[in-house]
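Shown next, in structure tokens, is the structure this report addresses.
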Amino acid sequence: QEQLVESGGGLVQLGGSLRLSCATSGFTLDYYAMGWFRQAPGKEREGISCMSRTGASTYYADSVKGRFTSSRDNAKETVYLQMSNLKPEDTAVYYCARLHACSDDYEMRLHRYLERWGQGTLVTVSS
């Protein structure tokens with residue numbers, strides 16, 4: 001059974017940091033591009049980052065560029081999202097996703113890239 005399980009969310013203060021993890025199983029991670037998207041209460045899903053199968057190529061939405069870093073360890077079948085300088089507007093449920101590909105229009109055409117995603121982990125940033 002193919003699964004993606006996010007963890008690492010929680011409550012953090014303005015300017016703080018968190019690292020999210022996404023443990024995958026049931027498929028060969030290095031066959032796929034992977035990404036993260038988030039959904040804040042009452043808002044649309046927002047594609048924030050994606051990376052190629054090796055992680056050599058990455059994309060970040062302007063809203064997180066310079067603050068968030070995606071990485072992957074294919075041997076451990078795990079994907080990571082390091083978040084720093086967090087802001088209240090980063091409050092959302094964060095989802096890890098398996099993708100068809102990673103490209104510069106990931107944010108604008110998120111729905112075209114998503115194949116499968118996890119249940120999400122909640123990140124709350126307090127001011």
Side-chain angles (χ1 to χ4, degrees):
Q1 183 179 2
E2 299 179 337
Q3 286 190 312
L4 299 89
V5 180
E6 301 92 340
S7 61
L11 175 64
V12 63
Q13 290 188 330
L14 173 68
S17 298
L18 280 176
R19 188 175 83 154
L20 306 183
S21 298
C22 172
T24 69
S25 60
F27 62 95
T28 304
L29 181 60
D30 56 6
Y31 285 2
Y32 296 95
M34 296 293 292
W36 293 88
F37 67 93
R38 65 187 181 185
Q39 188 164 24
K43 294 191 175 181
E44 298 284 325
R45 295 183 304 188
E46 179 189 12
I48 56 173
S49 178
C50 67
M51 56 187 158
S52 60
R53 292 185 296 170
T54 63
S57 177
T58 56
Y59 165 83
Y60 296 97
D62 287 344
S63 59
V64 305
K65 195 175 296 181
R67 301 187 299 122
F68 290 13
T69 303
S70 292
S71 61
R72 60 194 295 165
D73 186 333
N74 289 340
K76 294 184 178 179
E77 300 181 306
T78 304
V79 176
Y80 304 97
L81 183 68
Q82 179 67 48
M83 307 185 294
S84 60
N85 192 19
L86 284 161
K87 306 173 182 180
E89 51 264 44
D90 293 318
T91 294
V93 178
Y94 284 71
Y95 299 86
C96 166
R98 192 179 79 186
L99 307 175
H100 296 299
C102 173
S103 185
D104 289 348
D105 64 349
Y106 172 70
E107 180 182 7
M108 297 302 295
R109 294 178 172 81
L110 176 65
H111 65 285
R112 295 189 180 183
Y113 289 96
L114 296 178
E115 282 192 353
R116 187 177 293 274
W117 53 94
Q119 84 289 345
T121 186
L122 176 64
V123 172
T124 303
V125 184
S126 66
S127 56

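The side chain to side chain contact (heavy atoms under 4.5 Å, CB included) search around Asp90 returns Arg38, Arg67, Phe68, Leu86, Lys87, Tyr94, Val125, not counting sequence neighbours. Contacts of Glu2 classified as side chain to side chain contact (heavy atoms under 4.5 Å, CB included), with partners at least two apart in sequence or in another chain: Phe27, Arg98, Arg116. Asp105 pairs by the salt bridge (Lys or Arg N to Asp or Glu O under 4.0 Å) definition with Arg109, not counting sequence neighbours. Scored by the side chain to side chain contact (heavy atoms under 4.5 Å, CB included) test, Ser7 finds Ser21 as partners (sequence neighbours excluded).
Tyr95 and Met34 sit in two unconnected hydrophobic clusters of ILVMFWY residues. Membership requires side-chain heavy atoms under 4.5 Å apart, directly or through other members. Clustering ILVMFWY residues whenever any of their side-chain heavy atoms sit less than 4.5 angstrom apart, transitively, puts Met51 in the very cluster that holds Leu29. Criterion: ILVMFWY side-chain heavy atoms under 4.5 Å apart, direct or through other members. Under it, Leu81 and Phe37 are not part of a common hydrophobic cluster. Leu110 and Val79 fall into different hydrophobic clusters, where Ile, Leu, Val, Met, Phe, Trp and Tyr side chains are chained together by heavy-atom contacts under 4.5 Å. Val64 and Tyr106 fall into different hydrophobic clusters, where Ile, Leu, Val, Met, Phe, Trp and Tyr side chains are chained together by heavy-atom contacts under 4.5 Å.
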Ignoring hydrogens and angles, write down the donor-acceptor pairs under 3.5 Å from the side chains of residues 55-62, residues two or more places apart or on other chains.
from  : atom 1 : to     : atom 2 : distance (Å)
Tyr59 : OH     : Glu107 : OE1    : 3.1
Tyr60 : OH     : Ser70  : N      : 2.8
Asp62 : OD1    : Lys65  : NZ     : 3.2

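For the pair Val12 and Thr124, the minimum side-chain heavy-atom distance is 4.5 Å or more.
The heavy-atom pair separating Ala33 from Cys102 by the smallest distance is CB-N, 3.8 Å. Contact between Gly8 and Thr121 at its shortest, heavy atoms only, is N-OG1, 4.2 Å. The minimum heavy-atom distance between Cys50 and Leu99, with the atom names listed, is CB-CD1, 3.5 Å. When all heavy atoms are compared, the tightest approach of Leu18 to Gln82 is O-NE2, 3.5 Å.
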Next item on the list: List the steps and the verdict of side chain to side chain contact (heavy atoms under 4.5 Å, CB included) for Leu20 and Met83.
Entry: CA-CA 8 Å; Leu20 306 183; Met83 307 185 294; 3.8 Å; yes
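Taking a 6.0 Å sphere around CD of Glu89, one finds it holds more than 12 heavy atoms contributed by other residues, nucleotides or ligands.
Within the model, atoms CG of Leu4 and OG of Ser25 stand 7.5 Å from one another, a figure rounded to the nearest 0.5 Å. Here CD of Gln3 is found 9.0 Å from CD of Gln119. Values are rounded to the nearest 0.5 Å. Rounding to the nearest 0.5 angstrom, the gap separating the OH atom in Tyr113 from the OG atom in Ser103 is 4.0 Å.
Side-chain N or O atoms of Thr78 include none that pairs as donor or acceptor with a backbone N or O of Asp73 at under 3.5 Å. Judged by distance alone, with hydrogens and angles left aside, the side-chain atoms of Arg72 form a donor-acceptor pair with the main-chain N or O of Arg53 at under 3.5 Å. In this structure, Glu6 contributes its side chain and Gly120 its backbone to a donor-acceptor pair below 3.5 Å.
Met108 shares a hydrophobic cluster with no other residue; no ILVMFWY side chain has heavy atoms under 4.5 Å from its own.
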